[in-house]
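One structure is given below, encoded as structure tokens.
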Amino acid sequence: MSLKSIFSHEVYRARSELGLTQQEVADAISISVRWYQYIEKGASIPGSIVMLRLILFLNLDVNTFWDESEICVPIRYRYRYAPVKESLSSPELGSYHSVGLSAYRYSDQGTWDHVSHISDISTRNAFVVDLARRCTLAQLDPIHLLDVVMDSI
């Protein structure tokens, strides 16, 4: 199987598991939805910057691509943030869907360890996807996450 095929399969799998739309992922990594669709279909392989953004945003395991590509993609981020879709309920509202935000720290063992989560930030997925992207790009330390979320809403 080619690197292009493996990468497109992993991108699709990760996006589906996170419950994100193609538009949400494209917006989060700052590319057009059309370009993202080409990547996900395996019609194109992205350049290193877009590939790194996808790997970080979707929390892809770079070891999956090692055998095919014989390259190592350097992880330059220590923290990564990801939106998490949630089904919640409250006495006042009943059942509803919302989106939370999880923080991950890159460990010395080469894994992303979950370090923090804030639940029920917004019912607007695009808002939390953008917040996750901005926190990742800014390399926000998770101890400041609650402050940033409160300032954003």
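Index from 1, following the sequence.
- For Ser107, the side chain to side chain donor-acceptor pair (under 3.5 Å) partners at least two apart in sequence or on another chain are Gln109, Thr111.
- Two different hydrophobic clusters hold Tyr12 and Val50 under the rule that ILVMFWY side chains link at heavy-atom gaps under 4.5 Å.
- Gly42 approaches Lys4 most closely through the heavy-atom pair O-CD, 2.8 Å.
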With side chain to side chain contact (heavy atoms under 4.5 Å, CB included) as the criterion, how do Val99 and Phe127 come out once you've worked through the C-alpha distance, each side chain's angles and the decisive distance to 0.1 Å? CA-CA 9 Å; Val99 185; Phe127 172 76; over 6 Å; no
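- Each of Asp120, Ile121, Val84 was evaluated against Leu101; a single residue qualifies, Ile121, per the side chain to side chain contact (heavy atoms under 4.5 Å, CB included) test.
- Ser44 meets the side chain to side chain donor-acceptor pair (under 3.5 Å) test with no other residue; sequence neighbours excluded.
- In terms of modelled atom types and a separation under 3.5 Å, the side chain of Thr123 and the main chain of Ser98 share no donor-acceptor contact.
- Residue pairs that meet the salt bridge (charged side-chain N to carboxylate O under 4.0 Å, His left out) test with at least one member in residues 103-119, sequence neighbours left out, do not exist here.
- In this structure, CZ on Phe57 lies 8.0 Å from CZ on Arg80, to the nearest 0.5 angstrom.
- When all heavy atoms of Pro83 and Leu20 are compared, the pair lying nearest together is CG-CD2, 4.0 Å.
- For Glu92, there are no salt bridge (charged side-chain N to carboxylate O under 4.0 Å, His left out) partners, not counting sequence neighbours.
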Tell me which donor-acceptor pairs under 3.5 Å the side chains of residues 128-138 have, and how far apart each pair is, sequence neighbours excluded?
unit_1, atom_1, unit_2, atom_2, d
Asp130, OD1, Arg133, NE, 3.4
Asp130, OD1, Arg133, NH2, 2.8
Asp130, OD2, Arg134, NE, 3.0
Arg133, NE, Ala28, O, 3.4
Thr136, OG1, Tyr81, N, 2.9
Thr136, OG1, Ala132, O, 3.0

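- In this structure, Val115 stands alone, with no Ile, Leu, Val, Met, Phe, Trp or Tyr side-chain heavy atom under 4.5 Å from its own, directly or through other members.
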List, one per line, each side-chain donor-acceptor pair under 3.5 Å for residues 140-152, sequence neighbours excluded.
unit_1, atom_1, unit_2, atom_2, d
Asp141, OD1, Ile143, N, 3.0
Asp141, OD2, Tyr79, OH, 3.3
Ser152, OG, Val148, O, 2.9

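- To the nearest 0.5 Å, atom CD of residue Glu10 and atom CG of residue Leu54 are 12.0 Å apart.
- With sequence neighbours left out, His114 forms a ring pair (Phe, Tyr, Trp, His ring centres under 6.0 Å) with Tyr104.
- The structure places CD of Glu40 at 8.0 Å from OG of Ser8, a figure rounded to the nearest 0.5 Å.
- Other members of the hydrophobic cluster containing Leu93, listed by chain and number, are Leu88, Tyr96; membership follows side-chain contacts under 4.5 Å among ILVMFWY residues, whether direct or relayed.
- Looking at Gln139, its side chain does come within 3.5 Å of a backbone N or O of Arg78 through a donor-acceptor pair.
- In this view, Gln37 and Gln22, Arg34 satisfy the side chain to side chain donor-acceptor pair (under 3.5 Å) rule, not counting sequence neighbours.
- Here salt bridge (charged side-chain N to carboxylate O under 4.0 Å, His left out) pairs that include residues 17-30, with residues two or more places apart or in two chains, are Arg13-Glu17.
- Each ring pair (Phe, Tyr, Trp, His ring centres under 6.0 Å) pair with one or both residues in residues 16-53, not counting sequence neighbours, would appear here, but there are none.
- Ile31 is listed as a side-chain neighbour of Ile39, based on a closest heavy-atom distance under 4.5 Å.
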